[in-house]
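Residue numbers run from 1 in the order of the sequence given. Quick note: numbers below take in every heavy atom, side chains included, and nothing from hydrogens, waters or symmetry partners.
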Amino acid sequence: MSKQLSPKQFVDLIEPNADLIIPIANGEPIRLLDLLEEHAAQLNNVKIHQMLALRDRAYIRGELEQLRHISYFLSGATRSVYQQAKMDLIPNNFHEMPRLLQKTTNLSMVMTVASPMDEHGYFTFGTQADYVAEFVGKVPFVLEVNEHMPRTFGRNQIHISQIAGYVEHHAPLAEEQVGAISEKDMKIASSIIGDIADGDTLQIGIGSVPNAVISMLKDHRHLGIHTEMLPDGVADLVNSGAIDGTRKYTNPGKIVATFAFGSKNLYDFIDGNPAVEMLPVSQVNDPREIAKEKNIVSINATTEVDLYGQCASETVGGKYYSSSGGQVDFARGVRFAENGKGYICMPSTAKNDSLSRIKLNLSPLSVVTTGKNDVDNIVTEYGIARLHGVSIAERAKRLISIAHPKFRDELMFDAKKNGFLL
């Protein structure tokens with residue numbers, strides 16, 4: 001009996017008050033969501049739970065009363081809707097997502113894109129494992145089979161006997177759009193590169209600074225990867241001989257990630273590549289698992305930092321822009337690791353050098369993502385402020401030293417006026 005579903009058969013599976021779980025980025029099933037919107041009149045109080053939605057949709061904009069989007073990380077498709085108070089954003093640390101969904105939702109169904117079934121009856125989630133892989137065998141799955149989705153290895157496979165059904169929709173995957181690497185990015189990266197040794201294991205976030213770091217690592221050797229998002233430049237580092245994972249303490253020889261988002265070159269690299277392991281976020285981002293990599297180096301970004309070292313990484317000027325993601329997971333993981341090192345990066349200024357990103361106080365309504373007790377190193381184009389294990393006064397001095405020179409005197413004055421320094 002075929003498990004391929006007609007539109008009616010799929011919609012009939014959606015019960016009233018259902019909680020539908022959608023994965024990150026390219027795990028987002030275009031056709032299945034189209035069907036939900038097209039048949040919304042037949043649905044009743046359905047909630048769709050997702051991090052990082054890729055596409056603007058009527059239900060996200062709040063135009064379909066039967067469907068409500070619940071976000072766990074904002075994107076270009078959801079940011080303005082949230083700021084208009086038309087949808088919910090639930091705070092979380094990325095590694096806790098499966099447990100959070102289990103605790104707060106009905107887990108009615110997982111809907112995800114998958115690579116075509118192999119000769120053994122298995123589909124893979126391709127670029128994904130994230131929070132949905134945790135539910136294989138526990139929650140009904142409906143797949144959107146896409147021939148463009150790469151076939152990958154890890155704990156992201158599901159057998160045809162374990163699914164409620166599937167539809168087919170073949171569309172090229174979305175690709176990450178990252179701005180060009182700037183001179184400031186290269187300066188920030190050059191400060192970090194000196195701290196990365198042969199044999200270290202890397203977690204590298206999204207953006208131009210991580211891309212700049214990757215561009216400088218080709219002469220390193222025996223590097224490993226244990227990261228939430230697999231970035232585009234990893235393929236080049238493997239080809240240059242920089243990455244082989246042989247000195248990793250967990251999953252030696254394997255490139256470990258919980259999702260991949262980049263260019264077609266990245267998707268081609270992971271397709272059928274046994275060196276790449278896509279594992280659930282509850283494993284990849286668990287600080288206890290991260291800490292097992294004794295020489296883990298974590299590189300992430302923020303928008304502003306105060307003189308305590310608190311990082312506001314999910315708001316911009318006090319307005320929500322994203323969410324916590326895995327930044328705190330890795331900030332804590334590297335702290336527990338024997339030789340762990342964490343770097344949170346940003347340009348020293350914003351708005352054409354008119355605003356300092358290092359401040360006495362964070363902007364009003366800003367949210368602290370990485371707290372003063374978890375932060376390790378802050379990096380700007382003026383160098384590294386090493387904050388772990390130093391006093392509040394010394395933190396203020398070190399942070400002021402990597403602020404833009406035009407703001408240092410003002411920051412020093414404010415620090416003394418407010419009791420940071422004598």
Side-chain angles (χ1 to χ4, degrees), residues 3-4 23-31 54 110-137 141 143-163 166-176 201-204 206 214 218 222-246 248 250-281 283-284:
K3 287 198 170 184
Q4 187 165 4
I24 285 175
N26 279 304
E28 180 178 295
I30 299 171
R31 179 59 180 151
L54 284 186
V110 174
M111 297 161 39
T112 182
V113 179
S115 60
M117 184 174 66
D118 67 11
E119 66 271 24
H120 305 293
Y122 284 93
F123 307 85
T124 83
F125 304 144
T127 55
Q128 314 298 125
D130 60 55
Y131 42 88
V132 300
E134 187 82 9
F135 300 124
V136 172
F141 273 70
L143 307 184
E144 180 170 299
V145 176
N146 184 350
E147 63 187 9
H148 297 276
M149 179 61 83
R151 172 168 295 279
T152 54
F153 294 86
R155 284 181 55 201
N156 69 335
Q157 302 179 11
I158 191 167
H159 192 265
I160 191 167
S161 65
Q162 296 173 303
I163 68 172
Y166 72 91
V167 301
E168 291 191 6
H169 179 77
H170 305 294
L173 303 188
E175 300 184 40
E176 178 200 11
T201 293
L202 308 178
Q203 177 264 321
I204 304 177
I206 189 172
I214 288 171
K218 291 181 180 178
H222 306 301
L223 296 174
I225 297 292
H226 182 108
T227 189
E228 59 180 58
M229 188 195 85
L230 191 64
D232 212 50
V234 165
D236 291 338
L237 290 182
V238 171
N239 292 333
S240 71
I243 291 174
D244 64 17
T246 55
K248 291 181 68 185
T250 63
N251 302 290
K254 301 294 186 181
I255 294 168
V256 169
T258 198
F259 75 105
F261 193 44
S263 69
K264 187 176 184 301
N265 181 58
L266 176 66
Y267 306 145
D268 290 343
F269 171 74
I270 66 175
D271 186 26
N273 189 338
V276 178
E277 292 272 330
M278 306 302 293
L279 302 177
V281 71
Q283 179 178 346
V284 174

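One distance of note links NE2 of His169 with CD1 of Ile30; it measures 4.5 Å at 0.5 Å rounding. Separation of atoms CD (Gln203) and CD (Glu228) is listed at 5.5 Å; rounding is to 0.5 Å. With rounding to the nearest 0.5 angstrom, the CG atom of Asp271 is 8.5 Å from the OG1 atom of Thr124. Here CZ of Phe123 is found 5.0 Å from CE of Met117. Values are rounded to the nearest 0.5 Å. Taken from CD1 in Ile270 to CG in Leu230, the straight-line distance is 6.5 Å, to the nearest 0.5 Å. For the atom pair CD1 (Ile243) and CG (Leu223), the distance works out to 6.0 Å, reported to the nearest 0.5 Å.
Looking only at distances, a side-chain donor or acceptor of Tyr267 sits under 3.5 Å from a matching main-chain atom of Gly262. Without hydrogens or angle criteria, Asn156 side chain to Ala133 main chain gives no donor-acceptor distance under 3.5 Å. Remark: side-chain polar atoms of Lys248 are not paired, donor with acceptor, to backbone N or O of Thr201 under 3.5 angstrom. At distances below 3.5 Å, not a single donor-acceptor pair connects side-chain atoms of His170 with backbone N or O atoms of His148. A distance-only check finds no donor-acceptor pair linking the side chain of Lys254 to the backbone of Gly224 [under 3.5 Å]. The backbone N or O of Leu279 lies less than 3.5 Å from a partner atom in the side chain of Thr258, making a donor-acceptor pair. Judged by distance alone, with hydrogens and angles left aside, the side-chain atoms of Glu28 form a donor-acceptor pair with the main-chain N or O of Leu54 at under 3.5 Å. With hydrogens and angles ignored, the 3.5 Å screen pairs a side-chain donor or acceptor of Gln162 with a backbone N or O of His159.
Pairing each heavy atom of Leu266 with each of Pro231, the nearest pair is CD1-O, 3.6 Å. Closest approach of Asn146 to Ala171, counting heavy atoms only: ND2-O, 2.8 Å. Minimum heavy-atom separation, Leu237 to Ile214: CD2-O, 3.5 Å. When all heavy atoms of Met149 and Gly126 are compared, the pair lying nearest together is SD-CA, 3.6 Å. Minimum interatomic distance between Ser240 and Lys218 (heavy atoms only, all atoms of both residues): OG-O, 3.7 Å. Pro23 and Thr112 get closest at one heavy-atom pair: CG-OG1, 3.3 Å.
Looking at heavy atoms from C-beta onward, Val238 lies in side-chain contact with Ile255 at the 4.5 angstrom threshold.
Residue pairs satisfying the side-chain hydrogen bond (donor to acceptor under 3.5 Å, both in side chains) criterion with at least one member in residues 126-136, sequence neighbours excluded, are listed as follows: Gln128-Asp130, Glu134-Ser282. Listed by first and then second residue, the salt bridge (Lys or Arg N to Asp or Glu O under 4.0 Å) pairs that reach into residues 146-160 are Asp118-Arg151, sequence neighbours excluded. Here salt bridge (Lys or Arg N to Asp or Glu O under 4.0 Å) pairs that include residues 235-244, with residues two or more places apart or in two chains, number zero.
Partners of Ala235 by side chain to side chain contact (heavy atoms under 4.5 Å, CB included), not counting sequence neighbours, listed by chain and number: Asn265, Phe269. Every residue meeting the ring pair (Phe, Tyr, Trp, His ring centres under 6.0 Å) condition with Phe141, not counting sequence neighbours, appears here in chain and number order: Phe125. Here Asn273 pairs with nothing under the side chain to side chain donor-acceptor pair (under 3.5 Å) rule; sequence neighbours left out.
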*Would you please test Val276 and Thr152 for side-chain contact (heavy atoms from CB on, under 4.5 Å) and show each step?*
CA-CA 7 Å; Val276 178; Thr152 54; 5.5 Å; no
_side-chain contact (heavy atoms from CB on, under 4.5 Å) between Leu143 and Ile158, worked out_ = CA-CA 10 Å; Leu143 307 184; Ile158 191 167; 4.0 Å; yes
*Would Ile225 and Val256 satisfy side-chain contact (heavy atoms from CB on, under 4.5 Å), going step by step from the backbone distance to the final call?*
CA-CA 6 Å; Ile225 297 292; Val256 169; over 6 Å; no
*CA sep, side-chain torsions, deciding dist, call: Lys264, Leu173, side-chain contact (heavy atoms from CB on, under 4.5 Å)*: CA-CA 8 Å; Lys264 187 176 184 301; Leu173 303 188; over 6 Å; no
